[in-house]
Amino acid sequence: MDRFMERAVELAVNNVKEGGQPFGAVLVKDDEVISEGVNELHLKNDISGHAELIAIRKAQGKLQTLDLNGYTMYASGEPCPMCMTVIYFSGIKKVYYCASIEVANEAGLGASSFIYKDLSLSREQRSIDIIHMPLESGMVDPLSEWVKK
């Protein structure tokens, strides 16, 4: 197994020993570890505290950039939809993972399967009501302000 994936798995195992979930991530560029993360939900009561997001936040803070094009993510588990969205937005083009979402599901960590399926439905069919509320007349449009900038 690749040394970066070995490290991601090691981080995940250590996180379980410390009371957390079995997820670790390592962000790499040019064969060098840039940052690491583990799920921190149990430490900070932050549902977004996933290993991949922690690694991305650390790298972006350290490097003072949003653009992680050319970086590679190694994750002990297949990234959830939230993590994949951030991976897309940050420009990461390659992700290696160890345990699949199906295996995580069997271990009782199966929200990702449901969310991936739910997001593939039309807005009207999703399990969460998502309701469009257009701007009222006279309101400043933030997107127009952005375009002007």
Side-chain angles (χ1 to χ4, degrees), residues 4-5 7-8 11-12 14-16 18-30 32-149:
F4 301 122
M5 184 59 77
R7 178 63 181 153
L11 289 166
N14 290 338
N15 202 43
V16 169
E18 295 172 7
Q21 293 180 332
F23 300 108
V26 178
L27 189 62
V28 175
K29 184 169 186 183
D30 298 328
E32 178 186 338
V33 172
I34 303 303
S35 62
E36 299 178 338
V38 297
N39 274 36
E40 295 182 351
L41 285 70
H42 65 297
L43 297 175
K44 300 188 177 177
N45 295 310
D46 175 4
I47 200 68
S48 71
H50 288 203
E52 299 90 337
L53 296 188
I54 301 299
I56 289 169
R57 287 176 188 149
K58 286 179 179 177
Q60 289 177 327
K62 174 180 164 182
L63 303 169
Q64 293 295 289
T65 183
L66 297 176
D67 183 9
L68 298 177
N69 188 25
Y71 292 72
T72 301
M73 179 69 70
Y74 292 82
S76 64
E78 185 174 355
C80 75
M82 175 179 62
C83 293
M84 281 305 302
T85 300
V86 173
I87 287 166
Y88 277 106
F89 278 129
S90 67
I92 295 168
K93 300 286 189 238
K94 190 175 284 190
V95 178
Y96 293 97
Y97 67 92
C98 201
S100 69
I101 285 175
E102 293 78 17
V103 170
N105 199 13
E106 291 170 11
L109 299 164
S112 292
S113 296
F114 166 76
I115 296 168
Y116 270 123
K117 287 177 190 169
D118 205 57
L119 287 173
S120 71
L121 302 173
S122 69
R123 289 182 192 103
E124 297 76 27
Q125 295 176 309
R126 292 181 192 158
S127 64
I128 295 175
D129 294 334
I130 180 164
I131 301 145
H132 179 227
M133 292 182 69
L135 288 175
E136 293 182 12
S137 178
M139 292 180 75
V140 177
D141 180 356
L143 292 175
S144 294
E145 293 298 307
W146 172 258
V147 170
K148 284 191 251 177
K149 185 179 143 191

Of the options Val38, Asn39, Leu43, Asn45, which is the one that meets Leu41 in a side-chain contact (heavy atoms from CB on, under 4.5 Å)? Asn39
Determine, step by step, whether Met82 and Ile115 satisfy the side chain to side chain contact (heavy atoms under 4.5 Å, CB included) criterion, reporting the C-alpha distance in whole Å, the side-chain angles of both residues, the deciding distance to 0.1 Å, and the verdict. CA-CA 9 Å; Met82 175 179 62; Ile115 296 168; over 6 Å; no
Any sub-3.5 Å donor-acceptor pair from [X]'s side-chain atoms to [Y]'s backbone N or O?
| X | Y | result |
| --- | --- | --- |
| Ser35 | Leu27 | no |
| Lys29 | Gly70 | no |
| Gln60 | Leu66 | yes |

Decide yes or no for [X] and [Y]: does some side-chain heavy atom of the first lie under 4.5 Å from some side-chain heavy atom of the second?
| X | Y | value |
| --- | --- | --- |
| Leu135 | Pro142 | yes |
| His42 | Asn15 | yes |
| Ile87 | Leu68 | no |
| Tyr71 | Ser90 | no |
| Asp118 | Pro81 | no |
| Arg7 | Val33 | no |
| Phe4 | Thr72 | no |
| Asp46 | Glu40 | no |

Where [X] and [Y] come nearest, the two heavy atoms and their spacing:
| X | Y | value |
| --- | --- | --- |
| Asn105 | Ser113 | ND2-OG, 3.9 Å |
| Ser76 | Phe23 | OG-CA, 3.2 Å |
| Gly37 | Ala51 | O-CB, 3.5 Å |
| Glu52 | Ala75 | OE2-CB, 3.7 Å |
| Ala25 | Leu11 | O-CD1, 3.7 Å |
| Leu121 | Arg126 | O-NE, 3.3 Å |

With rounding to the nearest 0.5 Å, note down the distance linking [atom1] in [X] to [atom2] in [Y].
| X | Y | atom1 | atom2 | value |
| --- | --- | --- | --- | --- |
| Lys117 | Gln125 | NZ | CD | 14.5 Å |
| Glu106 | Ser100 | CD | OG | 7.5 Å |
| Arg123 | Asp129 | CZ | CG | 13.5 Å |
| Leu119 | Ile128 | CG | CD1 | 8.5 Å |

Parallel, tilted or perpendicular for Tyr96 and Tyr74, by the 30°/60° rule? parallel
Assess whether atom CG of Asp141 is packed by more than 12 heavy atoms of other residues, nucleotides or ligands within 6.0 Å. yes
More than 12 heavy atoms of other residues, nucleotides or ligands under 6.0 Å from OH of Tyr116: is that the case? yes
